[in-house]
Amino acid sequence: MRVLVIGGGGREHALVWKINQSPKVTAVFCAPGNAGTAAIANNVPIPANQIDSLLEFAQKNKIGLTVVGPEQPLVMGIVDRFQEKGLRIFGPSARAAELEGSKAFSKNIMKKYGLPTAEYATFTSHEKAARYVDEENRPLVVKASGLAAGKGVILCRNAKESRDAVDAIMKDKSFGAAGDEVVIENFLEGQEVSVLAFTDGDTVLLMDSAQDHKAALDGDQGPNTGGMGACSPTPAFPRVMRQQVRDEIMLPLIRAMKAEGRPYRGILYAGLMLTALGPKILEFNARFGDPETQPLLVRMASDIVPLFEACIDGTLAQCNLQWKPATAVCVVMAAKGYPGFYEKGKKIAGLDAAAALPDVVVFHAGTKEDDGKVLTNGGRVLGVTATGRDTAAAATKAYAAVNKIKWDGIHYRRDIGARGKATPTKSAR
Ligand code: AMP
Ligand code: GLY
């Protein structure tokens, strides 16, 4: 079978790497891909949101399975368009992907079906939102409802900060039309974990846990980024909590989406805060996480392709999912300045030496190949991923590989995986 992966980040390199290992697969294409996917698959120079061109490519090249990485094409309806033409594609429909595309929609579903999440209010009027926060002098989180590349969330300590956030999002339109509506919610305290699941619309098959490190700087300081590193599994998520998350969050959500006439197939990603009152949903994403996918996929022992097919065919109940008994840590190497302004086009050295170390896979994100050289081409450049018997061992190997890699203007966190044994939070049960 010929497989097309859509996207060009670290997540997509990891997907291509994993799909390549399937005996069912004869060729893998990646649109648009990066220098890492170019080395192991065929890059196709079509951006991830050009659905017409992607459709034409898939039809002409007899693609038997398309896997979508980023949220934007999902929300734009790529799955619906491919299916209309009889093509097999893994991911939710546009109406199901609204779970990520609109935070207001997502929160309203959680409320309607009694799923655990922070108390909230939604506003389309700047005046009403401003009045609300002026009266609430306590920590709040102000969120642009639409897609804002992970940046439309502002954590506020007091009424002044909340008012500034409402003004920035709704009046100054800092995140464009994503801020036409805002969600304002209670501030939750705890450890954050990512739980991803395969689903065919009825069955959910949970993956092992993962933990992102969103802040730019060590010690969770500085601005939020797309993610500066990830571990899987994370000691912050006790295994006993799995069943609770499946039965009280994932399954009820899948049933809710079905009841709403929006059956959900694909990856369901729950961003959870493990609070003193149990796990609470921060957000749902309609796709694999980046960088969580990198450590997850190096640990996944099962062939991923039959799982994609079972989600499309509605036969996931017959599948199981095996994991290697190791911990994986992914350290994101970024361009200096990210998530703000950064330069591109720097020559990267040491990639082969890093990849030659035992138990290490260097996933590319913002890279491109130029005349045999690999250049930086984005904010998050590489996801250096290693496995070990525990988080500390995996982190040691990952950082040994990081130390082999050089370019002019590197930034990475030195503390990925260092949270170690997290303070266990009291479960609500
Ligand atoms: P979201 O895109 O909604 O997951 O928000 C982005 C990030 O903001 C999350 O990963 C959390 O770190 C933080 N965050 C979001 N909602 C809350 C909340 N209610 N309380 C505390 N932190 C939050
Ligand atoms: N790592 C966060 C995300 O993929 O949204």
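In what follows, every heavy atom counts, from backbone to side chain, and hydrogens, waters and symmetry copies are set aside. This chain uses plain numbering: 1 for the first residue, then up along the sequence. Both ligands and their constituent atoms are indexed starting at 1 by order of listing.
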[X]: numbered ligand 2 atoms lying under 4.0 Å from its heavy atoms:
X    : result
G226 : 1 (N), 2 (C)
G289 : 4 (O)
R287 : 3 (C), 4 (O), 5 (O)
N285 : 5 (O)

[atom]: nearest protein contact (heavy atom, Å):
atom                    : result
atom 4 (O) of ligand 1  : E283 CD, 2.9 Å
atom 17 (C) of ligand 1 : L282 CD2, 3.4 Å
atom 18 (C) of ligand 1 : V141 CG2, 3.4 Å
atom 7 (C) of ligand 1  : N224 ND2, 3.9 Å
atom 10 (O) of ligand 1 : E192 OE2, 2.4 Å
atom 8 (O) of ligand 1  : V153 CG1, 3.5 Å
atom 16 (N) of ligand 1 : K143 NZ, 3.0 Å

Residue pair A256 / I109: nearest heavy atoms and the distance that separates them: CB-CG2, 4.3 Å

Nearest atoms (heavy-atom pairs only) where I410 meets K406: CD1-CA, 3.7 Å

Output the list of atoms in ligand 1 that are nearer than 4.0 Å to some heavy atom of [X], sorted by atom number.
X    : value
K103 : 1 (P), 2 (O), 3 (O)
E185 : 16 (N), 17 (C), 18 (C), 19 (N)
K214 : 10 (O)

Donor-acceptor pair between D212 and S194 side chains, under 3.5 angstrom: no

Side chains of Y113 and E260, donor plus acceptor under 3.5 Å: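 Yes, E260 and Y113 have a side-chain donor paired with an acceptor closer than 3.5 Å.
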
Main-chain N/O of P279 paired with T275 side-chain donor or acceptor, under 3.5 Å: no

Residue pairs involving residues 180-230 (criterion ring pair (Phe, Tyr, Trp, His ring centres under 6.0 Å); sequence neighbours excluded): none

Sub-3.5 Å N/O-N/O distance, [X] and ligand 2:
X    : value
E292 : yes
D212 : yes
R11  : no

Ligand 1 to F187 polar contact by distance, N or O atoms, under 3.5 Å: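 Min N/O separation from ligand 1 is not below 3.5 Å for F187.
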
Candidate pair D202 and Y264, rule side-chain hydrogen bond (donor to acceptor under 3.5 Å, both in side chains), full reasoning: CA-CA 8 Å; D202 289 305; Y264 190 102; over 6 Å; no

Let me have the donor-acceptor pairs involving side chains of residues 329-341, under 3.5 Å, with sequence neighbours excluded, atom names and distances please.
{"unit_1": "Y338", "atom_1": "OH", "unit_2": "G226", "atom_2": "N", "d": "2.9"}

Sidechain N-carboxylate O distance under 4.0 Å for D80, R95: no

Electrostatic pair D303:K18 at N-O distance under 4.0 angstrom: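 Between K18 and D303 there is no salt bridge, as every charged N stays at least 4.0 Å from the carboxylate O atoms.
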
F123 ring center within less than 6.0 Å of Y132 ring center: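 Ring centres of F123 and Y132 closer than 6.0 Å.
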
Distance in Å, R287 CZ paired with I6 CD1, rounded so as to fall on 0.5 Å steps: 15.0 Å

Ligand 1 contacted by K280 (non-hydrogen, < 4.0 Å): no

Ligand 1 contacted by M273 (non-hydrogen, < 4.0 Å):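 Yes, that is the case, since the closest heavy atom of the residue is under 4.0 Å from the ligand.
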
Geometric cation-pi criterion R239 and F237, 6.0 Å radius, 45° cone: no

Option nearest atom 23 (C) of ligand 1 (shortest heavy-atom distance, choices T275, L155, L188):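 The nearest heavy atom belongs to L155.
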
